[in-house]
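Everything below concerns the one structure shown next.
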Number of protein chains: 2
Amino acid sequence: MIFKFDEDPGVSTDEFYMKQALKEAQLAFEADEVPVGAIVVCRNRIIARAHNLTERLNDVTAHAEMQAITAAANFLNGKYLDECTLYVTLEPCVMCSGALHWAQIARIVFGAFDPKRGFMRLIPSPLHPKTEFVGGILENECGQLVKDFFKKKR
Amino acid sequence: MIFKFDEDPGVSTDEFYMKQALKEAQLAFEADEVPVGAIVVCRNRIIARAHNLTERLNDVTAHAEMQAITAAANFLNGKYLDECTLYVTLEPCVMCSGALHWAQIARIVFGAFDPKRGFMRLIPSPLHPKTEFVGGILENECGQLVKDFFKKKR
């Protein structure tokens with residue numbers, strides 16, 4: 001289910017947490033990684049922060065979301081994140097959406113849309129049936145960071 | 001592209017390597033993990049071995065394939081597995097197929113089919129366009145181990 005921006009009473013909270021995810025994305029940018037950041041929030045508390053580390057770790061699985069899932073599960077001492085929200089600056093890819101399914105995450109909030117690599121184009125949806133999601137929170141800021149990164153690379 | 005069992009001249013090689021993946025799956029079974037094992041082969045050499053560790057690590061991302069991808073990249077000192085074959089006893093899930101896409105794996109050989117959780121039901125295919133795959137190698141042995149595991153659990 002997609003909440004519309006103007007219908008969601010929790011938007012200001014979502015913007016607050018997305019700014020925290022953006023800080024992580026900025027760290028990735030500065031480290032010359034594709035700038036994606038993620039945090040996991042459980043009962044209004046940030047329990048995990050991560051940014052993309054695929055270059056530094058030489059590991060395609062080291063996306064921000066994957067690390068955030070692992071860190072959050074470690075913090076909670078349990079595999080399932082069914083009381084948690086993941087904030088991530090870019091629409092999760094196939095790998096990360098599959099991981100979020102296994103984690104049974106309660107809610108996903110993402111910034112910029114990723115029509116080429118994102119999970120939304122997949123049929124059937126790779127997410128857990130109980131997972132809600134919303135996209136487009138601080139979309140411009142989140143997307144601009146990625147655009148700036150690839151402009152710098154060219 | 002799916003090779004048919006009786007058309008593939010490399011079947012005996014695939015069976016040989018699948019038996020190695022099955023040994024890993026057996027280790028998972030003995031550790032009370034969903035019994036899935038994987039190996040990565042590069043130029044006729046096994047460069048990574050792994051089995052499912054989601055329970056021990058308390059981490060939904062610790063599938064056999066994910067660990068095998070990370071270990072193989074570490075061995076090769078490079079993120080891309082475009083000269084490698086992954087052998088895995090069960091059809092990869094959405095998460096693992098997404099990771100295999102990012103790794104640009106050359107070939108995937110799997111044992112048992114997984115119609116509920118496997119990647120083959122997804123549209124569009126989550127695999128890299130250059131990735132070839134074949135399913136059903138030692139299908140019965142691979143599938144029986146999973147069936148025995150869930151029978152034991154009931």
Side-chain angles (χ1 to χ4, degrees), chain A residues 33-34 36 48 50 52-82 84 86 91-105 114-129 131, chain B residues 33-34 36 48 50 52-82 84 86 91-105 114-129 131:
Chain A
E33 300 275 359
V34 175
V36 180
N52 181 33
L53 284 174
T54 49
E55 296 303 321
R56 195 195 305 175
L57 298 182
N58 223 345
D59 185 348
V60 297
T61 74
H63 282 193
E65 301 95 313
M66 302 299 283
Q67 297 176 73
I69 291 168
T70 298
N74 196 40
F75 178 88
L76 294 172
N77 200 27
K79 295 199 300 288
Y80 300 115
L81 307 181
D82 52 353
C84 301
L86 175 93
E91 181 185 337
C93 74
V94 176
M95 170 179 72
C96 294
S97 65
L100 291 161
H101 176 114
W102 290 120
Q104 300 181 16
I105 194 111
D114 188 356
K116 273 194 191 168
R117 305 289 193 185
F119 74 89
M120 284 177 63
R121 74 203 152 87
L122 288 181
I123 299 168
S125 168
L127 299 183
H128 193 279
T131 299
Chain B
E33 299 274 0
V34 175
V36 180
N52 181 33
L53 284 175
T54 49
E55 296 303 322
R56 195 196 305 174
L57 298 183
N58 222 346
D59 186 347
V60 295
T61 74
H63 282 194
E65 300 95 314
M66 302 298 284
Q67 297 175 74
I69 291 168
T70 299
N74 197 40
F75 178 88
L76 295 172
N77 200 27
K79 294 199 301 288
Y80 300 115
L81 308 180
D82 52 353
C84 301
L86 175 95
E91 182 185 337
C93 74
V94 176
M95 171 179 72
C96 294
S97 65
L100 290 161
H101 177 113
W102 290 120
Q104 300 183 16
I105 193 111
D114 188 356
K116 275 194 191 169
R117 305 287 193 185
F119 74 89
M120 285 177 61
R121 75 204 151 87
L122 288 180
I123 299 168
S125 168
L127 298 184
H128 193 278
T131 299

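These values consider heavy atoms only, across backbone and side chains, with no hydrogens, waters or symmetry-generated copies. Naming: A, B, ... by sequence-line order, numbering from 1 per chain.
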Over all heavy atoms of both residues, which pair between [X] and [Y] is shortest? Give the atoms and the distance, please.
X         : Y         : answer
Thr61(B)  : Ala99(A)  : CG2-CB, 4.2 Å
Pro124(A) : Leu122(B) : O-CD2, 3.6 Å
Ser97(A)  : Val94(B)  : OG-CG1, 4.5 Å

Interatomic distance, CE@Met66(A) vs CE@Met66(B), rounded to 0.5 Å, equals 3.5 Å
Query raised in the report: So how far is it from Tyr80(A) OH to Asn58(B) CG, rounded to the nearest 0.5 Å?
Result: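 The distance works out to 9.5 Å.
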Given Arg117(A), His101(A), Arg121(A), the one with more heavy-atom pairs under 4.5 angstrom with chain B than any other is Arg117(A)
### Query
Does Ala72(B) have any side chain to side chain contact (heavy atoms under 4.5 Å, CB included) partners at least two apart in sequence or in another chain, and if so, which?
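Side chain to side chain contact (heavy atoms under 4.5 Å, CB included) list for Ala72(B), sorted by chain: Val40(B), Ile47(B), Ala48(B), Leu81(B).
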Chain A shares the most heavy-atom pairs under 4.5 Å, among Leu57(B), Ile69(B), Thr70(B), Thr54(B), with Thr70(B)
Q.
Using a 4.5 angstrom heavy-atom cutoff, name the option from Ala73(B), Ala62(B), Pro126(B), Cys93(B) with the most pairs to chain A.
A.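 Sorted descending by pairs with chain A, the first entry is Cys93(B).
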Heavy-atom distance under 4.5 Å to chain B: side chain of Asn77(A), backbone, both or neither?
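When you check distances to chain B, atoms from both the backbone and side chain of Asn77(A) fall under 4.5 Å.
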